[in-house]
Number of protein chains: 2
Amino acid sequence: MAANHERRPTSHGGVTDAIKEAIIRGDFVPGQRLVEADLSDMFGASRAAVRSSLLELTNEGLVEKVQNRGARVRAVSLDDAIEISEVRMMLEALCAAKAAEHIDDDGIAELESIGERMSAAVSAGDVFGYSRLNELLHRRVRELSGQRTAARVLDRLRAQSVRHQFRLATQPGRPSVSLPEHLAIIEAICARDTAAADRAARRHLASVIDALRQAEAAEASVAGAG
Amino acid sequence: MAANHERRPTSHGGVTDAIKEAIIRGDFVPGQRLVEADLSDMFGASRAAVRSSLLELTNEGLVEKVQNRGARVRAVSLDDAIEISEVRMMLEALCAAKAAEHIDDDGIAELESIGERMSAAVSAGDVFGYSRLNELLHRRVRELSGQRTAARVLDRLRAQSVRHQFRLATQPGRPSVSLPEHLAIIEAICARDTAAADRAARRHLASVIDALRQAEAAEASVAGAG
DNA sequence: GCCTACGAGATTGTCGCCAATATTGTGGTC
DNA sequence: GACCACAATATTGGCGACAATCTCGTAGGC
């Protein structure tokens, strides 16, 4: 298993999405070589299509290419993840504030529904469901903000850091820390309080960075002890 | 002049840079169609090279491609420019704060030198020189911050908005508004005052957004009167 | 006179081949 | 026994040609 990339997208966009998904899902691990001919067989596309897809994904920060030495899945270090989270802190705060400004009644109902489902998922210990709601919440806030420039950047950064994101989500005790932060963001946006939304988003991302730093420290001590 | 794109880069990177420069310099105007065969002749490269360059520049937000309908130079609207400036406000503030944290004596000397030259350029009415120093200052702050993720994003956004940037710079009276803002950023960073650097960068970008909005209003009234 | 269907030209999308470069394995020499 | 030069292989980079698609002009029909 872990490999059912046997569609026939043939064309550029399809191959790009397929490879992107495979990287995000973890079918291709960080550092793994991506040989054009192999991908070409795997997805049933021409080498040219694979080639342009690889170029596009390089621009998105998901793969790294070296002249005449091929492409590999980009390995996002913990330092990179922290940098990404710092940028996200700024931009998610911007989007949260904008969302608070522009939100309508339908949006409020939707966000509140997401909040309730998140609480339920955490109560039920449904880590995976909570993780998906987490992603949904962040995406909806980005969309509701109407700030497409920031949304595009955040999309890319999120794709780059899914692995760290997921590791954090499965960390024991993490959901009970992040849930109230998420609820605070929802509450602020639904109250149309831009300043509070900004602060809540900042606090949440600061907490993410803290958690990453702790993971870094834990890993270092394990490495030292092992 | 306005057209001496007759190098022979042949390879991908060279063509990409050449087209990018041509767009940034204004040799290709917003909305202009970019026909692959024409570019291929113009730069002496194969169509495949031009093609991959166009794809890369699409990802950078400098050109827009439509399926089977070709590529055009992206026309960045005033609304787009304001969005971009909003994102820049967040990220330049982050970089300024980080720069204030990490800066060493050499960096301080360099920034102060840039500040002095900016003052001199404004005194002398050297708009073009001031504009170049402006870009230099922002770039050095990005680099000194050590935040490569933010720096990469800012690089792209800046390339997208050069046209608006330039129009602002040539607006009469604008330098005397932006100079003290720039000097405040330099002073805060050199004093290693992260909070002040953050505020100064925010204030500067807020002023840019204001200027853009005024340009929007002025244009609307001209359009209404004409 | 206007609308629709068709066709010629232009432009992009895709593919397979060949050359250039890096990597790996082998043999020889000190 | 280890190091270096060289050749074989694997992989990427670049190019030209062909097919698919779109645009625009033209002719025919209502």
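Excluded from the calculations below are hydrogen atoms, water molecules and symmetry mates; all remaining heavy atoms, backbone and side chain alike, are included. Residue numbers begin at 1 in each chain, while the letters A, B, ... track the order of the sequences.
Side chains of Arg72(A) and Gln32(A): a donor-acceptor N/O pair is absent below 3.5 angstrom, by distance only. With no hydrogens or angles considered, a side-chain donor-acceptor pair links Ser207(A) and Glu181(A) at under 3.5 Å.
For the segment residues 53-62 of chain A, no residue has any heavy atom less than 4.0 angstrom from an atom of DNA chain C. Within residues 31-40 of chain A, no residue has any heavy atom closer than 4.0 Å to DNA chain C.
The side chain of Lys65(A) contributes an N or O atom lying less than 4.0 Å from OP1 or OP2 of dG13(D). Regarding contacts with the backbone of dG13(D), a side-chain N or O of Arg51(A) is found under 4.0 angstrom from either OP1 or OP2.
Taking CZ of Arg152(A) as the reference point, atom CG of Leu91(A) lies at 12.5 Å (rounded to 0.5 Å).
Within the 4.5 Å cutoff, side-chain heavy atoms of Cys95(B) are placed close to those of Leu154(B). The shortest distance between side-chain heavy atoms of Leu39(A) and Phe28(A) falls below 4.5 Å. Looking at heavy atoms from C-beta onward, Ile84(A) lies in side-chain contact with Arg88(A) at the 4.5 angstrom threshold. By the 4.5 Å heavy-atom criterion applied to side chains, Glu64(B) and Thr58(B) are not counted as neighbours.
Counting only distance, with no hydrogens or angles, the side chain of Ser161(A) and the backbone of Leu157(A) share a donor-acceptor pair below 3.5 Å.
Judged as a side-chain contact (heavy atoms from CB on, under 4.5 Å), and not counting sequence neighbours, the contacts of Ala71(A) are Leu34(A), Leu54(A), Lys65(A).
The pair Lys20(B)-Glu60(B) meets the salt-bridge criterion, with a side-chain N (NZ, NE, NH1 or NH2) lying under 4.0 Å from an Asp/Glu carboxylate O. Using a cut-off of 4.0 Å between Lys/Arg side-chain N and Asp/Glu carboxylate O, Arg140(A) and Glu143(A) are scored as salt-bridged. Comment: Arg74(B) engages Asp80(B) in a salt bridge, judged by a side-chain N to carboxylate O separation of less than 4.0 angstrom. Under the 4.0 Å criterion applied to side-chain N and carboxylate O atoms, Glu92(B) and Arg142(B) are not assigned as salt-bridge partners.
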Give each protein N/O atom lying under 3.5 Å from an N/O atom of nucleotides 16-19 of chain C, with the pair distance.
none

Find every protein N or O atom lying less than 3.5 Å from an N or O atom of nucleotides 21-25 of chain D, and list the pairs.
| unit_1 | atom_1 | unit_2 | atom_2 | d |
| --- | --- | --- | --- | --- |
| dT21(D) | O3' | Asn68(B) | ND2 | 3.4 |
| dT23(D) | OP1 | Arg69(B) | NE | 2.8 |
| dT23(D) | OP1 | Arg69(B) | NH2 | 2.7 |

Restricting to nitrogen or oxygen on both sides, can you table the protein-nucleotides 7-9 of chain C pairs closer than 3.5 Å?
none

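Other residues, nucleotides and ligands contribute more than 12 heavy atoms inside 6.0 Å of the CZ atom of Arg202(A). For CZ of Arg139(A), the number of neighbouring non-hydrogen atoms (other residues, nucleotides, ligands) closer than 6.0 Å is greater than 12.
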